[in-house]
Amino acid sequence: MLACLGPGVALATEEVPSLAGNALAIARVQTNADYIWTLTAAALVFLMQAGFAMVCGGFTQAKNVGNMMMKNLFDFAFGALAFWMLGFGLMFGTSPSGWFGTDGFFLSGYTAGGDTWTLAFWMFQVVFAAAAATIVAGAVAERIRFRAYILYSIAVAGFIYPVFGSWAWGGLLNGSGWLEGLGFIDFAGSTVVHSVGAWVALAGALVVGPRIGKYAPDGTPRAIPGHSLPLATLGMFLLWFGWYGFNAGSTNAASTDVALIAVNTTLAPAAGAVSAMVTSWLLFKKPDLGMSINGTLGGLVSITAGCANLNPGGAVLAGLVGGILVVLSVVFLDRIRIDDPVGAVSVHGAGGVWGTLAAGLFDANGFSLGQIGVQLTGIAACFIWSFGTGFLLFKAIHATVGLRVSAEDELVGLDVTEHGCKGYHDITLSAVK
Amino acid sequence: MLACLGPGVALATEEVPSLAGNALAIARVQTNADYIWTLTAAALVFLMQAGFAMVCGGFTQAKNVGNMMMKNLFDFAFGALAFWMLGFGLMFGTSPSGWFGTDGFFLSGYTAGGDTWTLAFWMFQVVFAAAAATIVAGAVAERIRFRAYILYSIAVAGFIYPVFGSWAWGGLLNGSGWLEGLGFIDFAGSTVVHSVGAWVALAGALVVGPRIGKYAPDGTPRAIPGHSLPLATLGMFLLWFGWYGFNAGSTNAASTDVALIAVNTTLAPAAGAVSAMVTSWLLFKKPDLGMSINGTLGGLVSITAGCANLNPGGAVLAGLVGGILVVLSVVFLDRIRIDDPVGAVSVHGAGGVWGTLAAGLFDANGFSLGQIGVQLTGIAACFIWSFGTGFLLFKAIHATVGLRVSAEDELVGLDVTEHGCKGYHDITLSAVK
Amino acid sequence: MLACLGPGVALATEEVPSLAGNALAIARVQTNADYIWTLTAAALVFLMQAGFAMVCGGFTQAKNVGNMMMKNLFDFAFGALAFWMLGFGLMFGTSPSGWFGTDGFFLSGYTAGGDTWTLAFWMFQVVFAAAAATIVAGAVAERIRFRAYILYSIAVAGFIYPVFGSWAWGGLLNGSGWLEGLGFIDFAGSTVVHSVGAWVALAGALVVGPRIGKYAPDGTPRAIPGHSLPLATLGMFLLWFGWYGFNAGSTNAASTDVALIAVNTTLAPAAGAVSAMVTSWLLFKKPDLGMSINGTLGGLVSITAGCANLNPGGAVLAGLVGGILVVLSVVFLDRIRIDDPVGAVSVHGAGGVWGTLAAGLFDANGFSLGQIGVQLTGIAACFIWSFGTGFLLFKAIHATVGLRVSAEDELVGLDVTEHGCKGYHDITLSAVK
């Protein structure tokens, strides 16, 4: 009789329903719902890779767009393989010290014991690892060698990100990190994912140096406008879309908790877009699209840590402040001659720090000074680890395979010199104005 | 023992399974499934915002593409904040009169009582409100001031749309609208969302007037071709994708009803694409891509009201007629000198009216003349309210902050004059043909 | 009391919970979860249509991009209607002979008996049928007439694909195919979907012949570069995103099995991207973006058959080999003067054959020579049927309505000559370098 209901999985109760059998079957259905939710969310987060590619590609010059596409593809490709081999075990394996995991490499937890939850969890986590690695792409864009980029990608997704991740999130599977032991709140990764990426990006931008022509001889920053605002806008929408998976999927369970998270993931970026746009209007006399895009993304980063423990009003506040901070940070970095072509450090770094603080400041469960101390501890630990290892990494790459393309190649563009291609061909069919 | 099944939420039956405990646990799992379905669908509908941006951007000129991106971003950003503060309460709050809701502003239903369903429902509804507001973007494109646009966006998402919405859908939460009292069928919003947007768009296009150069001195319409058909096509696909969430998510429940809705949401736009393409072939001697895109969207609007009560054959019919109507409407509006650069009024207005009628005409539960009368009542009420308030709104904006950019600015393009940016830079790297 | 849990469907147990009632309710909730998973996955697969459009559009010339968009839209539009009328019945109807189904046309299974599972299943299958048809678009691009394309699309989605599909998958609903009777492993369609499309594409490319200028008078192949690599990259990401629905949705049930499938669908394309990139680096001295994109897609095709029965390590191997094969196949086809502008035959044909073999070779349940024999049987049957009927089809179209545009039209571009439009207008607003 049950069969006529549809293709449902075999239920333990098909033969003779019993109390215990029913209870088991209920748990099984809930588990199935958890899996499809986690994997749907993972797919959404995966699409953020396209979002990063379009934002980074749109905000940089046409002569480097093919190179940006390569980077975003191989961030994920090498990142996924590195996270499979090494990173996942470092992050979620048994962690006797609380500083890094020691087993579960090559998904051995599954291949040995057939534990399918390990697989679902890996799937969700791998897209996070790739996101952390990809954040760097924009900050070192238009001047880094492709082979240097590959090395860095593997290092971030396979080592830098997972080690920090194990401190804050290891307990989600088999680990037990010292930071989560303190009660650090970072639900979906304002610090764990975004700040890690941002501080490595900052190290990269410092070591590789500004693009040729970015600063006038007297040090005045000059704008090098991106080549396609529609592409960047599309990327922003794809990122926002994926962020519903990023934040709400971090429940790793089909539950009613996802509703608050999704609402907050809507209101904070909306507020960030508005505040960044207004700030740009005040500063530059016109409402700026690039700043609005980065303000939206800053609003998203600002709610990532606290998406599950802030009320909607708190999310609006978090986003409002986040949007302003991103614009001010972009202007500030420009002034101190750190060339970050797409604003990655501002969006993910300034936004990440603020979001992590906001998760404590606006906690719907009540404010406590102790919590703020814990949040600051996590923020500081993240900076020290990510900027430190990132700096060493880029210095090491510089000293070995070489970090930066030649000035000649930079002027010609990386598409031709690194990949032997052009991003666009004969796109203009009608007369040029 | 249950724990080993996975990360499932704690079940009431974990200790000692009982009949009542199991029943409660079953309801809880179903509720969890309802939430993840509703939020997955909401995420899909959110992506329609990217679809609207790409269609509108692709169908307009390159010199205004940055402005179109700003509009589509801020439709959503201001729209979400307005719907949070005001609109949601007007639409779904307790409605003693049946004409508008009176509570639930700022999501107070949640913050006071912790009612998470209010949050999930808000999340789904906010993306609808933004869609209604965004429909106008295309019709007033390439000539409206950005600050005027912001005001209008807030008014539509915060007031015009929610008030009409309360008449037809208020009962979905705490309200009780007069139109739903009559038995008005509009499952996912051919009238509630699309026609509201279209009639406000019509009012906007009328008040702001045609673009410079759209009509020859003798009144003959001239084509101002869109700058990127791939962008517009991408947008169409994103809209169709999101529409699966729009229509099937309107169940607000994980249920087997979603199957029929998804099938209808496939067949109607397929039929609309074909009939619009054939119509364009007959009228213009060649199968036209722009008309095919709009016919597809027209097919989608045509099945939005009746997606849950038409059989697949009815969906094909609804789409076929919808596709033809959209093409004829585009030609007609062009002739009577209403300049709608992207065909928004035709797709969402003609499509919306037809879809609302089709929900009665092809009702799988049987045809009744009374129902057609109700459908016509809803259609008329929507036109009177939306066009009326829209007209007043645009007149008021015109009289205060100003509606239209200067002729000079219009010729230069809104990207440079309104936002100080250019949509594209140096995109052509090889010789121009 | 249960009502306060949310909007859950009415449960049989609401009144007086009973053991049997609870069991029934559990099955119902599982069924609801199956439906929303299947339809979510179907929506993801639908978006692959946008992915195909962007990859094909990006890899071809700007003067034909509108035509590519038309083809990808109408592949789906005509394909969906043909699959509704004819194809679904041929593929999944009662199949007394094991060679094709004989009922279920026009979704009569639903309209007669109200069987909603038929609808959900159709929804998932229709996007597969359209994918098979769309694969051909790239191989015959830039020279085929639009009306020829319409005929071919209908034939593939309505006849060629469903008949082969009934041999391998008919038993998923009401049929029983001879190939599935042998134990053929092709979980999500390396052969059923991708190879069918590829062999029809090969037939089309052969019959229609190479593009003007593709080969120098001495037969040396010349590169005709695609006009937009960002568009192609976006398409690749959309395809990968949709592939999570394609593979994991093929469970047609909310189950824990989706985890392994999703992991494999991540690792294989990552490996394919890397191996194709490295191969291109070795062959052409630079890491090539186009080859990397096709290697990624080749990795996806390579895991489609075995996504549910390979371990993650096997998926990496399948993808690694798949990525290399795609590059070698592209080079080989170029040499033997088969002009496939986007590499469709290599990605879906070489990848499809390899993936089908890999599903046997790396089977986590153990290797058996007999299984390899069955896999080879399926591969051969697919080639004979798809290439054979495809060849006849294109010859028949050539002999009747005509297959290829005139040389003049080909040089001008199909956008202008077939559709009276241009893909881009005035996109360059700043000085051209």
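On a predicted model such as this, the values are computed, not experimentally measured, just so you know. Residue numbers begin at 1 in each chain, while the letters A, B, ... track the order of the sequences.
- Looking at B/Thr116, neither its backbone nor its side chain comes within 4.5 Å of chain C, counting heavy atoms on both sides.
- C/Leu107 touches chain B through its side chain: at least one heavy atom from C-beta onward sits under 4.5 Å away, while N, CA, C and O do not.
- When each of B/Ile293, B/Leu234, B/Leu238, B/Thr296 is checked for heavy-atom pairs under 4.5 Å with chain C, B/Leu234 comes out on top.
- Interface residue B/Phe241: backbone and side-chain heavy atoms are both found under 4.5 Å from chain C.
- Here C/Phe76 and C/Phe46 bring their ring centres to under 6.0 angstrom of each other.
- Using a 4.5 Å cut-off between heavy atoms, B/Ser292 touches chain C through backbone and side chain atoms alike.
- The contact between B/Leu44 and chain C is made entirely by side chain atoms (from C-beta outward), counting heavy-atom distances below 4.5 Å.
- The main-chain N or O of C/Thr417 is found under 3.5 Å from a side-chain atom of B/Lys286 such that the two form a donor-acceptor pair.
- Tested against C/Phe128 for a ring-ring contact (aromatic ring centres under 6.0 Å, His included), the candidates C/Phe121, C/Phe246, C/Phe88 yield a single pass: C/Phe246.
- For an aromatic pair to be called close, the ring centres must be under 6.0 Å apart, and C/Phe59 with C/His227 fails this.
- For B/Val416, no part lies under 4.5 angstrom from a heavy atom of chain C.
- Proximity to chain C is absent for every atom of B/Ala248, based on heavy atoms less than 4.5 angstrom apart.
- With no hydrogens or angles considered, no side-chain donor-acceptor pair links B/Asp257 and C/Tyr35 at under 3.5 Å.
- Interface remark: C/Leu39 contributes side-chain atoms only to the contact with chain B (heavy atom separation under 4.5 Å).
- Of the two parts of C/Leu231, only the side chain, counted from C-beta on, holds a non-hydrogen atom closer than 4.5 Å to a non-hydrogen atom of chain B.
- Looking at C/Asn67 and C/His419, their side chains do bring a donor and an acceptor atom within 3.5 Å of each other.
- No side-chain N or O of B/Ser255 forms a donor-acceptor pair with one of C/Asn32 less than 3.5 Å apart.
- Within the 4.5 angstrom heavy-atom criterion, atoms from both the backbone and the side chain of C/Met70 approach chain B.
- Residues C/Asp115 and C/Thr118 bring a donor and an acceptor atom of their side chains to less than 3.5 Å of each other.
- Looking at C/Ala80, the atoms closer than 4.5 Å to chain B (heavy atoms on both sides) sit in the backbone and in the side chain alike.
- Interface residue C/Phe74: only side-chain heavy atoms are found under 4.5 Å from chain B.
- In plain terms, the two heavy atoms of C/Gly235 and C/Val55 that are nearest each other are C-CG2, 3.5 Å.
- Residue C/Phe146 comes nearest to C/Glu418 through the heavy atom pair N-OE1, 2.6 Å, listed as atom of the first residue, atom of the second, then distance.
- Ranked by heavy-atom pairs shorter than 4.5 Å toward chain B, the options C/Pro225, C/Ala43, C/Cys421 are led by C/Ala43.
- Counting heavy-atom pairs closer than 4.5 Å to chain C, the top residue among B/Tyr244, B/Trp240, B/Phe284 is B/Trp240.
- Using a 4.5 Å cut-off between heavy atoms, B/Trp281 touches chain C through its side chain atoms alone.
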